[in-house]
Visitor: 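Have a look at this one.
In what follows, residues are counted from 1 in the order of the sequence shown. Whatever order the structure lists them in is the order used to number ligands and atoms, beginning at 1.
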Amino acid sequence: MSSALSRIARFVGRGADALAVTKISRTREPFRVLVATIISLRTKDEVTDVAAPRLLAVAPTPEAMARLPPARIARLIYPAGFYRTKALTLRAIARTLMRDHGGRVPDTLEGLLAFKGVGRKTANLVLTMGWGKPGICVDTHVHRISNRLGFVRTRTPDDTEQVLRRRLPSRWWIPINDVLVAFGRTHCGPLSPRCSTCPVGTVCAREGVTRSR
Ligand code: SF4
């Protein structure tokens, strides 16, 4: 598992653009990561790239976010997918943070999952990117490629996360998301992966792959 991931990491390496949430997470501020991750759900990276900093410039703290009317938040994050619902979610989270947590984002999976609108993917990203704590963020790319490679045999991203938590060496817990998302976008896409030029073609089980290039 480690050697395949190392090869893929080198392959996507320097040419890969950092994902929008990754760029925000360089600040290591859990609230910024939480906000950017919620905006990024079902939204193109190019849109998150602009929308998240635009909102965070106006509302950089839970206190400021809790004071913004949802319609203003919606305007600031437009055209992110489901921008009106996300605006309500972001303000509700900010208010709960102020009311119950003294404005501090929780640093445990359970604490984060208690918020409405925060799923395992978001919670793991905040934990890993925001707090630098162990966690594995499994999205559709990590789930699909882990199964194709034969790392896991699972039906859902949540199941994949559980199996990876048992088998994946800890040094890969945080970077696996960035590496496989970049690889999934450029090479091992959902419909027709580019197996003929793949850096791990010789060791990949190609589980479930019916068509490739
Ligand atoms: Fe993906 Fe094909 Fe490479 Fe396997 S061989 S990781 S299916 S591109």
Side-chain angles (χ1 to χ4, degrees), residues 1-26 33 36-49 52 80-82 109 119-130 132-213:
M1 211 182 265
S2 281
S3 103
L5 285 171
S6 296
R7 267 192 258 173
I8 293 171
R10 276 197 301 277
F11 184 74
V12 292
R14 294 183 190 89
D17 274 347
L19 306 175
V21 174
T22 307
K23 283 181 204 160
I24 295 262
S25 70
R26 287 191 182 128
V33 178
T37 306
I38 288 171
I39 294 171
S40 77
L41 303 172
R42 293 172 176 250
T43 298
K44 286 193 174 127
D45 228 35
E46 306 88 82
V47 173
T48 306
D49 243 344
F82 304 98
L109 202 57
R120 293 193 74 86
K121 176 186 161 185
T122 302
N124 271 298
L125 266 177
V126 173
L127 213 56
T128 55
M129 302 291 199
K133 291 196 163 188
I136 304 175
C137 179
V138 175
D139 67 354
T140 173
H141 293 287
V142 176
H143 174 60
R144 179 183 70 252
I145 299 169
S146 295
N147 272 280
R148 281 179 176 170
L149 283 163
F151 289 175
V152 299
R153 292 188 80 165
T154 52
R155 286 185 179 280
T156 67
D158 285 0
D159 291 344
T160 299
E161 184 197 329
Q162 298 307 332
V163 177
L164 289 176
R165 277 177 176 269
R166 291 197 297 275
R167 296 194 196 149
L168 187 67
S170 56
R171 72 188 172 93
W172 283 106
W173 281 32
I174 293 179
I176 190 172
N177 184 268
D178 265 1
V179 170
L180 292 191
V181 170
F183 188 52
R185 287 186 169 165
T186 57
H187 216 80
C188 190
L191 297 179
S192 181
R194 299 171 182 272
C195 299
S196 59
T197 53
C198 179
V200 289
T202 52
V203 295
C204 178
R206 298 181 67 199
E207 202 59 57
V209 175
T210 53
R211 193 154 59 93
S212 66
R213 287 176 273 176

Visitor: Do Arg7 and Val203 make a side-chain contact, defined as non-hydrogen atoms from C-beta onward lying under 4.5 Å apart?
Guide: yes

Visitor: Below 4.0 angstrom from a heavy atom of Cys198, which ligand 1 atoms are there? Numbered from 1 as shown, please.
Guide: 3 (Fe), 5 (S), 6 (S), 8 (S)

Visitor: Examine all N, O or S atoms of Cys195, backbone included, and report whether one is under 2.8 Å from atom 2 (Fe) of ligand 1.
Guide: yes

Visitor: With a cut-off of 2.8 Å, does any N, O or S atom of Cys188 fall short of it relative to atom 1 (Fe) of ligand 1?
Guide: yes

Visitor: Could you check Asn124 against Leu109 for side-chain contact (heavy atoms from CB on, under 4.5 Å), going step by step and ending with a plain yes or no?
Guide: CA-CA 7 Å; Asn124 271 298; Leu109 202 57; 3.9 Å; yes

Visitor: Which residue supplies the protein heavy atom nearest to atom 4 (Fe) of ligand 1, what is that atom called, and how far is it?
Guide: Cys204 SG, 2.3 Å

Visitor: Would you mind running through ligand 1 and noting each atom that sits below 4.0 Å from a heavy atom of Arg148?
Guide: 7 (S)

Visitor: Give the numbers and elements of all ligand 1 atoms closer than 4.0 Å to a heavy atom of Val209.
Guide: 7 (S)

Visitor: Report yes if some heavy atom in the side chain of Pro193 is under 4.5 Å from a heavy atom in the side chain of Phe183; otherwise report no.
Guide: no

Visitor: Would you call Trp172 and Met1 a side-chain contact if the rule is heavy atoms closer than 4.5 Å?
Guide: no

Visitor: Determine whether Asp139 and Val142 make a side-chain contact, defined as any pair of heavy atoms from C-beta on separated by less than 4.5 Å.
Guide: yes

